[in-house]
Amino acid sequence: MDHAAEAQRTDLMTITRHVLNEQGRHPESRGDFTILLSHIVLGCKFVASAVNKAGLAKLIGLAGETNVQGEEQKKLDVLSNEVFVKALVSSGRTCVLVSEENEEAIFVDTPLRGKYCVCFDPLDGSSNIDCGVSIGTIFGIYMIKDKDNVTLDDVLQPGTNMLAAGYCMYGSSCTLVLSTGNGVNGFTLDPSLGEFILTHPNIKIPKKGKIYSVNEGNAKNWDAPTAKFVEKCKFPQDGSSPKSLRYIGSMVADVHRTLLYGGIFLYPADKKSPNGKLRVLYEVFPMSFLMEQAGGQAFTGKQRALELVPSKIHDRSPIFLGSFDDVEEIKSLYASQSSIA
Ligand code: AFP
């Protein structure tokens with residue numbers, strides 16, 4: 001559709017309408033998921049608005065400073081966490097919450113309890129806030145096993161049990177990417193309507209990409225397969241062109257580009273951090289779920305990422321995710337290493 005036609009479009013597929021349509025695939029559904037999602041969307045809209053004002057906030061003191069009235073302001077990541085926790089609890093549809101900002105899991109009080117568990121990072125990439133680089137919220141959703149006996153095991157499940165996952169990127173536009181296990185769709189916030197509109201239907205990652213994305217500053221501590229893989233990206237032996245390097249240092253932005261343009265994002269293990277840096281429940285699992293749903297792959301260096309079973313809520317894991325063929329290549333490098341060992 002050209003720009004003029006786009007501007008004239010009158011049949012708007014909002015995220016709520018999309019999820020209600022999806023609900024039709026589950027005749028037993030009573031709309032609980034739609035309600036939960038609308039509360040997540042509310043949190044995303046709040047954070048989008050706060051992030052937009054963050055630069056100005058240097059004047060009015062939003063980012064942990066004192067404002068002109070002399071009042072102490074909360075840091076954006078703390079504020080975002082409070083908004084998400086309150087939105088999720090008040091939905092009446094959640095039971096256990098895991099947030100990057102809270103050391104312990106949050107068990108919702110019985111009167112407000114529902115059947116979903118949500119693991120989330122309210123503001124990932126927050127070290128990028130002060131320089132205006134894209135940041136995001138990441139979330140993964142599970143169903144509790146037994147509503148009369150809610151335990152931490154309800155969130156310590158393999159990623160294959162996830163019902164839905166997504167992220168919201170606060171960048172040049174605000175984009176929410178969601179999968180409920182039936183493909184991946186992207187929605188862009190129309191600020192004039194205050195609604196997320198379907199702009200990227202049925203996202204499929206290219207089978208092979210031309211970009212690799214990694215913090216090369218850690219190269220001295222990489223293991224042999226990671227070092228070999230990056231070497232091959234730069235000096236391919238098969239006559240193909242070298243890949244380009246792009247690294248923002250904000251997982252949502254790096255993964256969003258990987259999903260749309262193809263290629264690979266890696267945060268490997270290294271000698272200093274044998275489990276990598278990224279957290280299983282609210283970084284590795286949701287992004288791996290989205291990649292698989294878009295036709296890509298996600299691998300830890302040892303196994304399919306979604307088959308990990310975390311033993312603690314803030315566990316970390318190495319991760320290689322992106323285009324199918326690119327991840328296949330790193331898998332075969334790890335396989336040949338283990339056959340030598
Ligand atoms: P911050 O939230 O501290 O900025 O960390 C962001 C992050 O968790 C993830 O979004 C990035 O992919 C990754 O860390 C970047 O890590 P390095 O700075 O070590 O490259």
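For clarity, every value in this text was computed on a predicted model and none was experimentally measured. Both counts, for ligands and for their atoms, begin at 1 and track the order of listing. Side chains are part of it too, since the values below use all heavy atoms of this structure and drop only hydrogens, waters and symmetry mates.
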Atoms of ligand 1 less than 4.0 Å from D124 heavy atoms?
8 (O), 9 (C), 10 (O)

Looking at E100 and R279, is there a salt bridge between them, counting it only when a charged N and a carboxylate O are closer than 4.0 Å?
no

Non-hydrogen atoms of C117 and I144 that approach each other most closely
SG-CG2, 3.5 Å

Counting N and O atoms only, with roles assigned by atom type, does the side chain of D146 sit under 3.5 Å from a partner on the main chain of D148, one being a donor and the other an acceptor?
yes

Within 4.0 Å of some non-hydrogen atom of S126, the atoms of ligand 1 are 1 (P), 2 (O), 4 (O)

For atom 13 (C) of ligand 1, which of K277, M251, E283, E216 has the closest heavy atom?
K277

Report the nearest protein non-hydrogen atom to atom 3 (O) of ligand 1: residue, atom name, distance rounded to 0.1 Å.
S127 OG, 4.0 Å

Could you tell me whether some N/O pair between V252 and ligand 1 is separated by less than 3.5 angstrom?
no

Going by an N to O cut-off under 4.0 Å, is there a salt bridge joining K228 and E231?
no

Donor-acceptor pair between K331 and Q297 side chains, under 3.5 angstrom
yes

Ligand 1 atoms nearer than 4.0 angstrom to some heavy atom of N215 are 17 (P), 19 (O), 20 (O)

Check: D223/Y334 side-chain N/O donor and acceptor closer than 3.5 Å:
yes

Can you list the ligand 1 atoms lying under 4.0 Å from a non-hydrogen atom of L278?
8 (O), 9 (C), 13 (C), 14 (O)

What protein heavy atom sits nearest atom 19 (O) of ligand 1, and how far off is it?
Y267 OH, 2.6 Å

If we number the atoms of ligand 1 from 1 as shown, the ones under 4.0 Å from a heavy atom of S250 are 10 (O)

So, S323 versus D325: side-chain donor-acceptor pair below 3.5 Å or not?
no

Numbered atoms of ligand 1 (with element) below 4.0 Å of Y247, judged on heavy atoms:
15 (C), 16 (O), 17 (P), 20 (O)

Under a 4.0 angstrom heavy-atom cut-off, which atoms of ligand 1 come close to G249?
6 (C), 11 (C), 15 (C)

Electrostatic pair K75:E101 at N-O distance under 4.0 angstrom
no

